[in-house]
Chemist: 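First the structure, which I've put down as structure tokens, then a few questions once you've had a look.
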Amino acid sequence: MKKSVLLFIAVLVAVGLLALVAVNGVDLLAFEIPSYKDGIVLGLDLSGGSSITYEAQIPEGMSQSEVDRGMIAAEAMLRARLTSFGYTEAMLSRAGGNRIRVEIPKITNPEEAVKMLGSTARLEFRDPDGNVIIYGSDVTKAEVNVGPVDEYGPSVPYVSMELSADAREVFRLATMEAAGRPDGDNYIAIYLDEELQSAPTVEARHAAAGIDPVDGVMITVAGNREEARRLASLISIGQMPFDLRQVELRSVGAVLGERALETSLMAGAIGLVLVLVFMLVFYRLPGLVANLALISYTVLMVLLLSILRVNLSLPGIAGIILSIGMAVDANVIIFERIKDEIRLGKTIRAAISSGYRRALTAIIDSNITTIISAVVLLALGTGPIKGFAITLLIGVLLSMFTVLVISRFLLDCMVNMKVTNSRMYGV
């Protein structure tokens with residue numbers, strides 16, 4: 001019994017600690033959890049943003065079919081760049097002819113949005129003399145890692161790159177040559193659309209802000225995680241099939257506005273409180289357990305949205321609310337089954353086990369169909385549709401976890417604490 005009490009308290013403490021992390025964030029050496037204010041970005045409909053219209057500069061002699069394929073590739077490249085920066089809620093659409101319109105939330109300065117997206121996405125690695133060593137198309141992969149950059153050095157963020165076979169040898173020779181240059185000239189410059197993005201130095205030993213001269217595929221960034229993330233995103237962009245020229249820049253006001261967001265959050269909070277009261281009144285002790293699981297669900301949802309840096313729009317909020325409803329519905333199904341088993345004369349422990357077993361098939365079937373729908377929307381949708389799919393998918397998976405694991409664990413703890421009066425279970 002004492003062990004069950006300690007386990008019950010441990011779960012509550014763990015949820016409380018996770019809630020503090022969700023509010024304040026935490027920065028570990030190898031992993032960062034941002035606070036909900038920094039990690040969750042409001043979508044264009046809630047916070048406003050910037051709108052950019054690009055026009056493709058079609059080379060002479062290109063056939064219409066090639067133009068169509070190029071426009072599709074350009075849209076995919078812009079979408080990949082938006083996704084790499086975490087703007088999954090950004091709207092991207094054809095604006096007639098060879099024009100593409102991009103609407104990005106939260107970036108209220110259009111010039112900043114243009115700088116982030118670039119125009120041609122032409123990435124080049126150059127030596128100090130200005131000669132191009134390799135192009136962005138030679139990079140097959142770039143990602144952020146954390147670890148030591150020399151035998152005795154501390155762990156720092158760095159960008160690791162995978163190059164094509166031919167480019168790898170060219171880049172290796174270029175970095176070794178740069179390592180032999182005098183200080184001040186021992187660097188490899190990274191340009192995007194003719195604009196210098198970074199100029200990491202190349203040294204005989206690994207060092208902060210340097211490139212590995214052995215194989216030329218590691219770039220350290222002086223322990224700056226954000227700079228490493230930015231640089232990896234830029235390197236991952238590749239090249240557009242043709243140049244894109246911006247023809248329109250403008251700021252977009254919030255469609256709903258901050259007042260509407262506050263109202264929506266208030267309505268959601270009132271609805272959540274009413275659900276908590278309903279579960280407690282009608283199901284008593286199981287209702288209390290369900291409420292604790294629902295609070296755990298809310299905390300875990302905020303944490304995951306922050307870690308994944310989800311752009312939250314109104315459809316995304318709808319996905320969260322829908323998954324909350326599914327979590328409550330699953331608890332209701334289970335608790336009704338438990339009450340039926342208790343009325344048949346079974347012990348509380350046996351009723352809980354049988355109730356979960358009887359309800360499991362219905363819960364899994366309903367959630368699996370929702371997960372399939374969310375995955376399809378995530379794969380085929382764009383903009384707010386993708387945002388809805390992301391929050392719905394996360395919410396459904398979390399609801400299953402809280403209902404089938406946390407609720408069951410807490411109920412078992414209650415039974416082990418000798419709380420076995422049938423009236424406490426709503427019978």
Side-chain angles (χ1 to χ4, degrees), residues 1-23 269-304 320 323-368 394-427:
M1 179 177 177
K2 184 177 180 181
K3 180 180 179 181
S4 297
V5 173
L6 293 177
L7 289 174
F8 192 92
I9 294 174
V11 172
L12 299 183
V13 172
V15 173
L17 292 175
L18 290 176
L20 289 175
V21 172
V23 172
I270 293 173
L272 182 61
V273 170
L274 290 177
V275 169
L276 296 177
V277 172
F278 170 83
M279 295 298 293
L280 190 60
V281 170
F282 280 85
Y283 295 101
R284 300 175 191 175
L285 187 61
L288 174 63
V289 168
N291 290 346
L292 294 175
L294 195 57
I295 292 172
S296 303
Y297 163 90
T298 304
V299 172
L300 292 173
M301 172 63 81
V302 173
L303 271 176
L304 283 178
I320 296 174
S323 62
I324 290 177
M326 295 184 67
V328 174
D329 179 64
N331 275 308
V332 169
I333 293 174
I334 291 171
F335 296 159
E336 287 296 334
R337 296 292 185 274
I338 292 175
K339 289 167 66 174
D340 291 342
E341 296 297 318
I342 294 176
R343 292 190 183 102
L344 292 175
K346 291 186 178 181
T347 64
I348 299 298
R349 187 184 300 276
I352 291 174
S353 178
S354 180
Y356 267 89
R357 186 174 60 255
R358 289 178 56 194
L360 186 61
T361 301
I363 293 173
I364 290 179
D365 287 348
S366 63
N367 281 277
I368 288 298
I394 295 174
V396 171
L397 293 175
L398 278 181
S399 67
M400 291 182 66
F401 172 76
T402 55
V403 169
L404 300 179
V405 177
I406 297 181
S407 292
R408 177 66 185 272
F409 179 80
L410 293 178
L411 279 175
D412 287 342
C413 287
M414 289 289 186
V415 175
N416 292 333
M417 287 187 285
K418 309 302 181 182
V419 183
T420 56
N421 189 327
S422 61
R423 292 183 178 181
M424 296 297 293
Y425 291 84
V427 180

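Because the structure is predicted, anything quoted here is derived from the model rather than measured. The basis for the numbers below is simple: all heavy atoms, side chains too, and nothing from hydrogens, waters or symmetry mates. The first residue of the sequence shown is numbered 1, and numbering continues consecutively from there.
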Chemist: Taking atom CD1 of Ile334 and atom CG of Asp329, what is their separation to the nearest 0.5 Å?
Modeler: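 Ile334 atom CD1 to Asp329 atom CG measures 10.0 Å (nearest 0.5 Å).
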Chemist: Could you tell me which residues satisfy side chain to side chain contact (heavy atoms under 4.5 Å, CB included) with Val273, sequence neighbours excluded, listed by chain and number?
Modeler: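 Partners of Val273 by the side chain to side chain contact (heavy atoms under 4.5 Å, CB included) criterion, ordered by chain and then number, come out as Val277.
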Chemist: Enter the distance from Leu285:CG to Ile338:CD1 here, rounded to the nearest 0.5 Å.
Modeler: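 Going from CG on Leu285 over to CD1 on Ile338, the span is 10.0 Å.
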Chemist: Please examine the side chains of Phe8 and Asn416, heavy atoms only from C-beta on, and report whether any two atoms are closer than 4.5 Å.
Modeler: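 No, side chains not in contact.
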Chemist: Partners of Asp340 by salt bridge (Lys or Arg N to Asp or Glu O under 4.0 Å), sequence neighbours excluded?
Modeler: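 Checked Asp340 against salt bridge (Lys or Arg N to Asp or Glu O under 4.0 Å); matches are Arg343.
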Chemist: To check you understand the geometry: which heavy-atom pair defines the closest contact between Ala351 and Ile342, and what is its length?
Modeler: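 Closest heavy-atom pair between Ala351 and Ile342: CB-CG1, 3.5 Å.
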Chemist: Counting N and O atoms only, with roles assigned by atom type, does the side chain of Ser366 sit under 3.5 Å from a partner on the main chain of Ile363, one being a donor and the other an acceptor?
Modeler: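 Yes; at least one donor-acceptor contact below 3.5 Å.
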Chemist: Thr347: which residues meet the side chain to side chain contact (heavy atoms under 4.5 Å, CB included) condition with it, sequence neighbours left out?
Modeler: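 Result, side chain to side chain contact (heavy atoms under 4.5 Å, CB included) vs Thr347: Arg349, Ala350.
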Chemist: What distance do Asn367 atom CG and Leu397 atom CG have between them, rounded to the nearest 0.5 Å?
Modeler: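 Nearest 0.5 Å value for the CG-CG distance: 8.5 Å.
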Chemist: Please list, chain by chain and in numerical order, all residues satisfying side chain to side chain contact (heavy atoms under 4.5 Å, CB included) with Leu304, sequence neighbours excluded.
Modeler: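 Side chain to side chain contact (heavy atoms under 4.5 Å, CB included) check on Leu304 returns Ile394, Leu398.
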Chemist: Mind checking what makes ring pair (Phe, Tyr, Trp, His ring centres under 6.0 Å) contact with Phe278, not counting sequence neighbours?
Modeler: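 Residues passing ring pair (Phe, Tyr, Trp, His ring centres under 6.0 Å) with Phe278: Phe282.
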Chemist: Apply salt bridge (Lys or Arg N to Asp or Glu O under 4.0 Å) to Arg358 and list each qualifying residue two or more places apart in sequence or on a separate chain.
Modeler: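 If we apply the salt bridge (Lys or Arg N to Asp or Glu O under 4.0 Å) test to Arg358, skipping adjacent residues, the hits are Glu341.
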Chemist: When you compare the side chain of Val275 with that of Asn291, does any pair of heavy atoms fall below 4.5 Å?
Modeler: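 They are not in contact (no side-chain heavy atoms under 4.5 Å apart), so the answer is no.
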Chemist: Please tell me if the side chains of Leu272 and Leu294 come closer than 4.5 Å, counting only heavy atoms from C-beta onward.
Modeler: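 Yes, side chains in contact.
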Chemist: Which atom names give the shortest non-hydrogen contact between Ala327 and Val403, and what distance separates them?
Modeler: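 Heavy atoms only, the tightest pair is O-CG2, 3.6 Å.
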Chemist: Who pairs with Tyr297 by ring pair (Phe, Tyr, Trp, His ring centres under 6.0 Å), at least two apart in sequence or on another chain?
Modeler: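 Tyr297 satisfies ring pair (Phe, Tyr, Trp, His ring centres under 6.0 Å) with no other residue.
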Chemist: To the nearest 0.5 Å, what is the distance between OG1 on Thr402 and CG on Leu292?
Modeler: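 The CG atom of Leu292 is 11.5 Å from OG1 of Thr402, to the nearest 0.5 Å.
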Chemist: Can you see which heavy atom on Asn331 is nearest to which on Ser407, and at what distance?
Modeler: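 Where Asn331 meets Ser407 most closely, the heavy atoms are OD1-OG, 3.5 Å.
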Chemist: I'd like to check the side chain to side chain contact (heavy atoms under 4.5 Å, CB included) partners of Ile270; sequence neighbours left out, ordered by chain and number.
Modeler: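 If we apply the side chain to side chain contact (heavy atoms under 4.5 Å, CB included) test to Ile270, skipping adjacent residues, the hits are Met266, Leu274.
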Chemist: If I compare all heavy atoms of Ser323 with all of Ser399, which pair ends up nearest, and what's the gap?
Modeler: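 Closest pair (atom of Ser323, atom of Ser399, distance): O-CB, 4.0 Å.
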Chemist: Quick one: which residue pairs count as a salt bridge (Lys or Arg N to Asp or Glu O under 4.0 Å) with a foot in residues 395-411, not counting sequence neighbours?
Modeler: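 Those involving residues 395-411 are Arg408-Asp412.
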Chemist: I need the full list of ring-ring contact (aromatic ring centres under 6.0 Å, His included) pairs touching residues 340-368, with sequence neighbours left out, sorted by first then second residue.
Modeler: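 Not a single pair qualifies under ring-ring contact (aromatic ring centres under 6.0 Å, His included).
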Chemist: State which residues pass salt bridge (Lys or Arg N to Asp or Glu O under 4.0 Å) with Arg337; sequence neighbours excluded, sorted by chain then number.
Modeler: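 Listed in chain order: nothing, the list is empty.
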Chemist: Please, which pairs that meet ring-ring contact (aromatic ring centres under 6.0 Å, His included) have at least one residue in residues 332-352, sequence neighbours excluded?
Modeler: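 Found Tyr283-Phe335.
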Chemist: Under 4.5 Å between any side-chain heavy atoms of Leu360 and Ile364, yes or no?
Modeler: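 Sidechains of Ile364 and Leu360: in contact.
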Chemist: Do Leu288 and Met279 have side chains that get closer than 4.5 Å, going by heavy atoms?
Modeler: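 A side-chain contact under 4.5 Å is absent here.
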